[in-house]
**Student:** 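The structure's right below; bear with me while I get my questions together.
Treat the numbers as computed from the prediction; the structure is a model and nothing was measured.
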Amino acid sequence: MTGFRYRFTLWAVISMLLAAPLAGAGHLCAQERKIQNRPYLDDRVWHYGFLVGINIQDLAIANNGLPYINSNGIAEYWYADVPEYTPGFSVGILGELKANDWLSVRLIPTMHFGDKKAVFKEQRSGKVVEQYIKSTYLSMPVDLKINALRFNNYRPYVITGLAPTFDLTVKKGKELLVKPSDLLFEIGMGLDLYYPFFKMIPELKFCFGLNSIIEQYRTDLSDASLLKYSNSINSMYSRMIVLTLYFE
């Protein structure tokens with residue numbers, strides 16, 4: 001329950017970070033029009049830029065509750081969770097192709113650096129085992145950007161898309177082994193901010209893995225007793241929140 005409350009609070013706080021500027025943009029729509037910065041920027045068919053940001057990586061784990069019979073003939077019941085988060089770093093480049101005034105397609109090659117802590121707890125004895133899973137994701141999102149009307153120097157939008165992802169730092173021989181490849185569904189929102197010499201875009205994006213990434217066939221293990229951790233899990237899906245600043 002503590003992990004759930006922590007997770008819910010974290011998602012709520014990050015959501016409000018972007019909700020505030022979006023609400024401010026709505027308030028500005030009731031004000032007088034002003035001189036637009038870089039008024040012809042969005043007429044370009046092709047946009048490009050770069051991004052920096054922070055990410056929070058998570059794992060959605062489904063435990064099966066099956067017993068493991070140890071060498072003493074005693075049943076052990078192991079359950080796994082990710083109880084806390086460590087912010088990571090994201091960097092990449094942006095390419096955006098304009099379809100019309102409302103729609104555009106983005107290609108965003110990105111590197112996400114981060115880690116998460118998986119905690120295994122044996123229900124009868126209370127024994128706890130921890131594993132830190134470091135990940136360096138190479139992601140190639142293809143997103144559809146749906147734009148609202150520009151007012152003065154603000155323009156909100158929403159995005160959705162898919163991101164083929166590859167983990168470059170998978171380590172073998174641990175309690176859990178994750179598959180290196182994944183496919184993420186992305187959904188988010190952002191705000192184009194037009195300045196005299198550049199455009200800055202804060203964006204909040206939620207990413208959901210579509211494939212279970214736990215490797216059940218552990219030929220990498222020299223200690224067979226470590227199989228009890230993988231065997232206690234039915235499925236494991238990656239999750240990630242990314243708060244990004246784009247610059248064009």
Side-chain angles (χ1 to χ4, degrees), residues 7-8 10-26 29 41-42 44-60 85 87-112 114 135 137-151 154-167 181-194 199-213 235-248:
R7 191 169 307 177
F8 178 81
L10 183 63
W11 281 60
V13 169
I14 294 180
S15 298
M16 291 191 319
L17 289 177
L18 199 63
L22 288 175
C29 290
L41 181 64
D42 291 335
R44 298 177 182 175
V45 175
W46 176 254
H47 301 257
Y48 60 90
F50 68 95
L51 67 94
V52 293
I54 59 174
N55 69 75
I56 296 176
Q57 300 177 12
D58 188 16
L59 294 172
Y85 306 93
F89 179 70
S90 301
V91 62
I93 56 177
L94 167 68
E96 183 174 321
L97 180 65
K98 176 183 176 181
N100 54 46
D101 290 339
W102 306 98
L103 299 175
S104 56
V105 178
R106 284 174 157 189
L107 178 63
I108 319 169
T110 308
M111 297 285 290
H112 301 288
S135 296
Y137 293 132
L138 173 60
S139 183
M140 294 290 291
V142 179
D143 291 337
L144 179 66
K145 180 184 178 186
I146 305 171
N147 301 293
L149 286 174
R150 175 176 175 175
F151 184 82
Y154 302 86
R155 191 179 194 186
Y157 66 87
V158 296
I159 60 158
T160 185
L162 295 174
T165 302
F166 192 83
D167 191 346
S181 59
D182 198 3
L183 180 65
L184 304 181
F185 169 71
E186 302 187 331
I187 188 169
M189 56 185 176
L191 183 66
D192 292 342
L193 303 175
Y194 299 83
K199 181 169 74 170
M200 183 177 72
I201 311 167
E203 178 184 280
L204 179 64
K205 184 161 58 177
F206 301 90
C207 308
F208 304 90
L210 299 180
N211 303 314
S212 178
I213 59 172
S235 62
M236 185 169 69
Y237 293 87
S238 58
R239 300 284 188 267
M240 186 163 56
I241 306 172
V242 187
L243 182 61
T244 308
L245 284 179
Y246 296 89
F247 296 90
E248 293 185 19

**Student:** Is the closest basic N to carboxylate O distance between Glu203 and Arg106 below 4.0 Å?
**Tutor:**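 The answer is yes: the pair qualifies as a salt bridge.
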**Student:** Going by the rule ring-ring contact (aromatic ring centres under 6.0 Å, His included), which residues pair with Phe50 if we only count those two or more places apart in sequence or in a different chain?
**Tutor:**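 Partners of Phe50 under the ring-ring contact (aromatic ring centres under 6.0 Å, His included) test: Phe247.
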**Student:** Between atom CG of Leu103 and atom CG of Leu97, what is the distance when rounded to the nearest 0.5 Å?
**Tutor:** 11.5 Å
**Student:** Out of curiosity, His112 NE2 to Leu138 CG, how far, rounded to the nearest 0.5 Å?
**Tutor:** 9.0 Å
**Student:** Could you pull out the closest heavy-atom pair between Tyr194 and Tyr154, with the gap in Å?
**Tutor:** CD1-N, 4.1 Å
**Student:** Less than 3.5 Å apart, which donor and acceptor atoms pair up between the side chains of residues 139-150 and the rest of the protein, not counting sequence neighbours?
**Tutor:**
unit_1: Ser139; atom_1: OG; unit_2: Thr165; atom_2: OG1; d: 3.4
unit_1: Lys145; atom_1: NZ; unit_2: Asp192; atom_2: OD2; d: 3.2
unit_1: Asn147; atom_1: ND2; unit_2: Trp102; atom_2: O; d: 3.3
unit_1: Arg150; atom_1: NE; unit_2: Asn152; atom_2: O; d: 2.7
unit_1: Arg150; atom_1: NH2; unit_2: Asn37; atom_2: O; d: 2.7
unit_1: Arg150; atom_1: NH2; unit_2: Asn152; atom_2: O; d: 3.4
unit_1: Arg150; atom_1: NH2; unit_2: Asn153; atom_2: OD1; d: 3.0

**Student:** Using every non-hydrogen atom in the two residues, find where Ser238 and Ile213 come nearest and quote the distance to one decimal.
**Tutor:** CB-CD1, 4.0 Å
**Student:** Look at the side chain of Asp167 and the backbone N and O of Tyr137, then say whether any donor-acceptor pair between them is shorter than 3.5 Å.
**Tutor:**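 A pair under 3.5 Å: no.
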**Student:** Can you measure from CG (Leu51) to CD1 (Ile108) and round to the nearest 0.5 angstrom?
**Tutor:**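 One finds 7.0 Å between CG of Leu51 and CD1 of Ile108.
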**Student:** Kindly compute the distance separating CD (Glu248) from CG (Leu41), expressed to the nearest 0.5 Å.
**Tutor:** 6.0 Å
**Student:** Could you list the residues that satisfy salt bridge (charged side-chain N to carboxylate O under 4.0 Å, His left out) with Asp101, not counting sequence neighbours?
**Tutor:**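 Listed in chain order: Lys98.
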**Student:** Who pairs with Asn211 by side-chain contact (heavy atoms from CB on, under 4.5 Å), at least two apart in sequence or on another chain?
**Tutor:**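 Applying side-chain contact (heavy atoms from CB on, under 4.5 Å) to Asn211 gives Asp182, Leu183.
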**Student:** What is the minimum heavy-atom distance between Asn55 and Gly114, and which atoms define it?
**Tutor:** OD1-CA, 4.5 Å
**Student:** Does the side chain to side chain contact (heavy atoms under 4.5 Å, CB included) test come out yes or no for Lys205 and Thr244, once each step is laid out?
**Tutor:** CA-CA 8 Å; Lys205 184 161 58 177; Thr244 308; 5.6 Å; no
**Student:** For the residue pair Tyr157 and Leu191, what are the closest heavy atoms and their distance?
**Tutor:**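 Closest approach of Tyr157 to Leu191, heavy atoms only: CE2-N, 3.5 Å.
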**Student:** Which of these passes side chain to side chain contact (heavy atoms under 4.5 Å, CB included) with Met240: Ile56, Asp58, Leu184?
**Tutor:** Leu184
**Student:** Could you pull out all residues at least two apart from Phe185 that satisfy side-chain contact (heavy atoms from CB on, under 4.5 Å)?
**Tutor:**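 Listed in chain order: Thr160, Leu162, Ile187, Phe208, Leu210.
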**Student:** Measure the shortest side-chain to side-chain distance between Pro202 and Leu193 over non-hydrogen atoms and say whether it is less than 4.5 angstrom.
**Tutor:**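 The answer is yes; the side chains approach within 4.5 Å.
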**Student:** So, using side-chain contact (heavy atoms from CB on, under 4.5 Å) as the criterion, who are the partners of Ser212 when residues are at least two apart?
**Tutor:** Ile214, Ser235, Tyr237
**Student:** Should Leu94 and His47 count as side-chain neighbours, where that means a heavy-atom distance under 4.5 Å?
**Tutor:**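 In short, these two side chains do not touch, never coming nearer than 4.5 Å.
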**Student:** Can you tell me how far the CD1 atom of Ile54 sits from the CD1 atom of Ile241, to the nearest 0.5 Å?
**Tutor:**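 It is 9.5 Å, given to the nearest 0.5 Å.
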**Student:** Can you tell me how far OH of Tyr48 sits from CD of Glu96, rounded to the nearest 0.5 angstrom?
**Tutor:**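 Nearest 0.5 Å value for the CD-OH distance: 13.5 Å.
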